[in-house]
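Below is one structure, written out as structure tokens, with a few remarks after it.
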Amino acid sequence: MPELPEVETIARGLAERVTGDVIESVWLGQKKEPLKSAAQEIAVTLERSRIAAVRRMGKHIVFDLEKDGEARTHLSAQSRNKHGVNDSHVSQKRREVGHPTLAGRSARATPDRAQWIVHLGMTGRLQIATPEAEIEKHTHAILKLVSGRELRFVDPRRFGRLSVARSADFDAGGFEPLEIDVDRFIELFRGRKTPIKSALLNQKLLRGVGNIYADESLFRAGIRPRRRAATITREQLVKLHSSVKEVLREAIALGGSSISDYVDADGEEGFFQLQHRVYGREGEPCLVCKTPIKRVVISGRSSHYCPKCQK
DNA sequence: ACTATTTCCTGGATGC
DNA sequence: TGCATCCAGGAAATAG
């Protein structure tokens, strides 16, 4: 399940491989769940755009896109044609038609900017493939790249989401856990009656922390997941602030946690699952005190902790 | 304004 | 072996 460290790993891998490439055409599947923006809007925004950068925001992967004046000329021609999404593979010849006039180019010297936002949900994957490679079941989007490769979005459980941001930059909400300072961090939890575990999972507060890293952070900070956020001392929150950052940094360094079928952009597994101290260790001895690790459900999520080390 | 619960999804694991 | 049931969980929707 991709959380911040896994998404960071994937985004870095993709950045290495597709930055500078141009999206030639887009195919989107029939299933509607994976599409948060309208299919046509996604296709039109992506087609003929250059991938200027790939980065992570919370658990989202953000592709920064640029479209020059020439591309826009073709784009508007295509929009008028009202092609169905599944016909949106753009033919070679149309790509070569015409040249922008000098006037047209100077009038639009700044490239159009947009963003393609991908949330992987539970089982989403972005794979780089050759056109010959077999199309996997549950493939919901295929981007043909000018380099000749394809970028494919595969997601069996369809919890993942694709969207585009055009008029304004994408707002992922919340603070980046690796950037927030300790005072702001403490402020996030003031007056909150919700269990600290739930607060850590709330993306409007911190973006990117998921179930694994919430449990691991709370263990390192010695705080039980059910503790009401507002009752936690300043001192403990200072500890939690550093624990969250420590866990995330270590996980990123190891390429994330491969729990079920998570692999990075190169198909490589991460290794942080070997460092888990509580997550997935119900009944096993605490690595510090040997007390069996407990598992409880908090707001529908399994939560693991050591009843002796965490108060 | 908050907080808690339900819902969406499929595949793998489990049980009989 | 086959078939039904359960479980994983992020975030939006719904309810309180």
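Chain letters run A, B, ... following the sequence lines, proteins first and then strands; every chain starts at 1.
Of the side-chain N and O atoms in A:Thr123, none sit less than 4.0 angstrom from OP1 or OP2 of B:dT10. In terms of phosphate contacts, A:Arg301 brings no side-chain nitrogen or oxygen within less than 4.0 Å of OP1 or OP2 of C:dA8. A sub-4.0 Å separation between OP1 or OP2 of B:dT10 and a side-chain N or O of A:Lys137 is absent. Distances shown here put every side-chain N or O of A:His138 at or beyond 4.0 Å from the OP1 or OP2 atom of B:dC9.
Checking A:Ser299 against A:Arg161, the closest nucleotide of DNA chain B that is more toward the 5' end is the one next to A:Ser299.
The side chain of A:Thr194 sits closest to B:dT3 out of C:dG10, B:dT3, B:dT10. The nucleotide whose nearest atom lies closest to any side-chain atom of A:Pro156 is, among B:dG11, C:dA11, B:dA4, B:dG11. Comparing C:dG10, B:dA4, B:dC9 by their nearest atom to the side chain of A:Pro195 picks out B:dA4.
Between the CZ atom of A:Arg207 and the C1' atom of C:dA11 there is a distance of 16 Å, rounded to whole Å. Separating the NE2 atom of A:His140 from the P atom of B:dC9 is a distance of 11 Å, rounded to the nearest angstrom. Atom CG of A:Asn211 is separated from atom P of C:dG9 by 5 Å (rounded to the nearest Å). Atom OH of A:Tyr279 and atom C1' of C:dA8 are 7 Å apart (whole Å). Rounded to whole Å, atom C1' of C:dA11 lies 8 Å from atom NZ of A:Lys59. In this entry the distance linking NZ of A:Lys36 with C1' of B:dC8 reads 15 Å, nearest Å. Rounded to an integer number of Å, the gap from A:Leu120 CG to B:dC9 P is 18 Å. Straight-line distance from the CG atom of A:Leu206 to the P atom of C:dG10: 14 Å, rounded to whole Å.
By the 30° and 60° cut-offs, the orientation of the rings of A:Phe153 relative to A:His140 is tilted.
Taking a cutoff of 4.0 Å between a charged side-chain nitrogen and a carboxylate oxygen, A:Arg166 and A:Glu41 qualify as a salt bridge.
Side-chain atoms of A:Thr194 and A:Arg192 include no donor-acceptor pair closer than 3.5 Å.
Between the side-chain ring of A:Phe159 and the base of C:dG9, a stacking contact exists by the 5.5 Å and 30° definition.
Residue side chain A:Arg157 does not reach the base of B:dG11 through any donor-acceptor N/O pair under 3.5 Å, judged by distance alone.
With A:Asn211 as the partner, the side chain to side chain donor-acceptor pair (under 3.5 Å) test is satisfied by one option alone out of A:Arg301, A:Glu216, A:Lys197: A:Lys197. With A:Glu176 as reference, A:Arg207 is the one residue of A:Arg184, A:Arg207, A:Lys245 to meet the salt bridge (charged side-chain N to carboxylate O under 4.0 Å, His left out) rule.
Across all strands, A:Arg190 comes closer than 4.0 Å to no nucleic acid atom at all (heavy-atom distances).
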